[in-house]
Every structure is written in structure tokens, then in C-alpha cells.
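The structure displayed is predicted, hence computed values, not measured ones. Keep in mind that the numbers below use all heavy atoms, side chains included, and drop hydrogens, waters and symmetry copies. To find a chain, count down the sequence lines: A is the first, B the second, and so on, and within it residues start at 1.
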Protein chains: 2
Amino acid sequence: MMASTRRIGSPDAKNRTVLLDAAEQLMLEEGYAAVSSRNVARKAGLKYQLVYYYFRTMDDLFLAVFQRRAEEGLKRQATILAAENPLRALWAFDLEAASSGALTMEFVALANHRKVIREALVDYSRRFREAEIDIVRTVLRRYRIDPEVWPPEVVAFVMAGVSRTMALEGALGMTTAHEETLSFVREHLARLGDPPAETVVDE
Amino acid sequence: MMASTRRIGSPDAKNRTVLLDAAEQLMLEEGYAAVSSRNVARKAGLKYQLVYYYFRTMDDLFLAVFQRRAEEGLKRQATILAAENPLRALWAFDLEAASSGALTMEFVALANHRKVIREALVDYSRRFREAEIDIVRTVLRRYRIDPEVWPPEVVAFVMAGVSRTMALEGALGMTTAHEETLSFVREHLARLGDPPAETVVDE
DNA sequence: GTCTATACTTCGATAGAC
DNA sequence: GTCTATCGAAGTATAGAC
């Protein structure tokens, strides 16, 4: 497949960002199916042909929206270990990240039938999960918790699953058992308290 | 808004079921956006106008697909308490139900911008969760586990969140930390063993 | 970088004959 | 219950002038 010879707009152009913002907002408000070149452009106050000028195809537009968010997420995740109470920070981050995950859900649905999106999503999810496991591993070590009893992979997975499900349901207005689960986590995090003064810095 | 006077096909008609099946399969394979009257009919080997004859609108078609699955799910869920080891049965059921949850994800995405779908989804989710909590409550009682320590709401929510997330990710080909989490659950369920002979039948 | 013009496809929905 | 015929709206994408 030969690369198209069509012209393409600069990645730094202001209107490119305006289109990205419009696409993301539209996706959040009305779902991915509403993200057409015409709708995006209307929301951005631009002509719809500009979408093709800056992104060439709709797939590329979706991909660009995704990548922007993904990069930001990984970057923020990387700062967590520096927090005073990293376990609580991680939980808070998961909850928050998951709720911008109404957007993630749209990408999941998109991924079901757009190959390029699926690949990007899986790649990102893997990296995100791996990093999360590393964080949990480090934190559990600080708390002197036996990793044989509480494998970091399991803890990280459960945290991700619980927070994501909560955000997903919450966005729809379904909150049964949410309050109880939130209290439970809050209470148990409190019981753990702050980690004992840094004892393991061997890496 | 006056009800349309258009004719509508019988709920028992064979072709109605054929269309429902086609719609469901299409949704699973290519996402909800691929579910157009023309695509559905093509898959069913029928003319696309029949979709409108049997369902009047695409919303009604989506709703019918959803309701059919929902009813079946609730019915199967209701049989769980009768299992030999209900906790394990519940976990197995959750895992399995969640993996037809690639479909659920499509409905979630749909729900984002179709009001009638959202209402149906939320209603169903609530009933499903309530029933699941009841099951967990009964089972924990049999195991003589203190509900103050392990609130049934929390246990039910975490089970749902973990199983659903696993199915969702698995469907996309993302499996990081899945094996570890599955073993963990399996092992801990085994450690609990079979519930002590029925001691609480007071309801 | 933005515009007009254009080509082609697919969509949801309806009317009315058979 | 199924068909043909038809509507208008909206979609992706491209070519080429300004």
C-alpha cells in the first residue's frame, strides 16, 4: 500500500488541536459514533474538510485523540511513587483515571472493530498495568507485606478492576454497592496507615 | 407523541428471531455501529425493510436484543444458590457472564447516547447486583463469615469488577496479571472448601 | 491553510402494491 | 408477511482553486 501523496497539516497547528479537543469532547458526550468529520468540524467551528487535511482519515483522528490521553496518563502515573502515601495516591489516581474512562470505554467499544485502535489500546493497557504492578510491588515492600500472600499482580489487577467498574457504572447512574465498597477501601487503607519510614531504597 | 399506526410483526414470528440473532452476532463481531438495518438483514438473509416491520425503529431492535440476554442472565443467576458450592458457582458464573460482556460493553457504549438503552441497562444492572448481593450474603452466612468484616455488598462488587474487567481485557487480547489473579481466586476459594453442612435455613 | 465542488456510499424510515 | 420504490440526510474521502 503506497503512502498517499496528499498534503497534511503540521502537528503543531492550532486548528489541529481545536479539532482534537472537539473530537474528544464529542466522544465523551455522545459516543464514538457521533464523531464524524462533519460533527467534529461543526463543534470546532471549522469546515469538515480540515479534518482530512490534518488527519487524513477518521482512524488517524481517533488514534491521535487516544495517544494524547495515553501519554498524559502514563506521565501522571509515573509521579505516584513520590507521594507521601503512595497506596492511597494510587487508589485515588485509579479512581480518577477510570472516570476519564468513560472515554476509555468508548475506545474499548471502538477497538472491537477498528484494528489500529485495538492495537494502540492493548499496547497502552499493557504498559499501564506493568507500571502499576511495579508501583504496587514497591509499596507493598515498604509496608513489609509478604508478596507471596499478596502478589502485586493481583493487588494491581483488583484495584484496576474495582475502580474502573465503579467509574463505568457511576457514569451511567448505577451506584448499587458503591458507597459500601468505597468505605471499605478507605477504611482499610487508613488501617494500613502511612508506610514505615523508607527502609528499602535498594534499587 | 402519538403512537404510530404502522403495522408490526408478531413477537413469535420466526424471522423476528432470525433478525435478533443476526443483530446480536453483528454487534459482537463488529460493534454496535455495524448494526444497521441493512447489515442486519444481509446477515439474516432477509430484506432490510423487515427490520422496520418487526421492530419499527433501530432503538427497539437494540432494546429487544438487550432484553433477551438480560432475562436469560437473571434466570440463570437465580439457580446459583442451589449449587453444591455456591461461591465457586457464583465466581464461575460471573466469569462466564462477563465474557458475553463484550456484548455488554457495546451496550454500555450505546447507552452513552441512547436514552432508552441506558435506562434498560441501569435497571438491569441494579437488579442483577441486588440479586448477586443476596447470594453472597447467604453464602457468607453459611460459611459463618462475619458480614461486618466482609460486607456482602463489597464482596459482590469486587467479584463483579474483577470478572468483568478480566473478560473485557481478555476479549481484546490483553492478559497481563490475569493468570496470577485467577490462581489467587481459585486458591482462596479452595481454601474455603465446601460450606459446612447447611446450618442456616431460616428464610 | 482554507475553501468550493464533487463523487460515491450508507443510513433510517415510510408508502403502498402483492 | 414480504416486496419495490423512494425520500432526504449524513457519512468518508478527494481534487483543485484561492
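With DNA chain D read from its 5' end, the first of the two nearest nucleotides for B:Gln49 and B:Ala13 is the one closest to B:Ala13. With the nearest nucleotide of DNA chain C identified for both B:Arg7 and B:Arg42, B:Arg42 has the one nearer the 5' end. Take the nearest nucleotide of DNA chain C for A:Tyr54 and for B:Val35: the residue whose nucleotide is more 5' is A:Tyr54.
For C:dT10, the OP1/OP2 oxygens have no side-chain nitrogen or oxygen of B:Ser36 closer than 4.0 Å. Regarding contacts with the backbone of C:dT10, every side-chain N or O of B:Asn39 stays at 4.0 angstrom or more from both OP1 and OP2. For C:dG1, the OP1/OP2 oxygens have no side-chain nitrogen or oxygen of A:Asn15 closer than 4.0 Å.
The distance between atom CZ of A:Phe55 and atom P of C:dT2, rounded to the nearest whole Å, is 12 Å.
With C:dA13, D:dA13, D:dT4 as the choices, the nucleotide that has an atom nearest any side-chain atom of A:Met58 turns out to be D:dA13. Here the side chain of A:Ser10 is nearest to one of C:dT14, C:dG1, D:dT2, namely C:dG1. Of the candidate nucleotides C:dG1, D:dT14, C:dT14, C:dG1 has the atom lying nearest to any side-chain atom of A:Tyr53. The nucleotide whose nearest atom lies closest to any side-chain atom of A:Lys47 is, among C:dT4, C:dT2, C:dA15, C:dT4.
On a pure distance criterion of 3.5 Å, no polar donor-acceptor pair joins the side chain of B:Arg38 and the base of C:dT9. Residue A:Tyr48 places a side-chain atom within donor-acceptor reach of the base of D:dA13, judged by atom type and a 3.5 Å distance cut-off alone. Not a single donor-acceptor contact under 3.5 angstrom links the side-chain atoms of B:Arg56 to the base of C:dT14.
Salt bridge status for A:Glu72 with A:Arg68: absent, with no side-chain N to carboxylate O gap under 4.0 Å. The pair A:Glu96-A:Arg76 meets the salt-bridge criterion, with a side-chain N (NZ, NE, NH1 or NH2) lying under 4.0 Å from an Asp/Glu carboxylate O. Ion pairing between a basic and an acidic side chain is recognised when a charged N comes within 4.0 Å of a carboxylate O; A:Lys43 and A:Glu29 show such pairing.
Side chains of B:Arg38 and B:Tyr48: a donor-acceptor N/O pair is present below 3.5 angstrom, by distance only.
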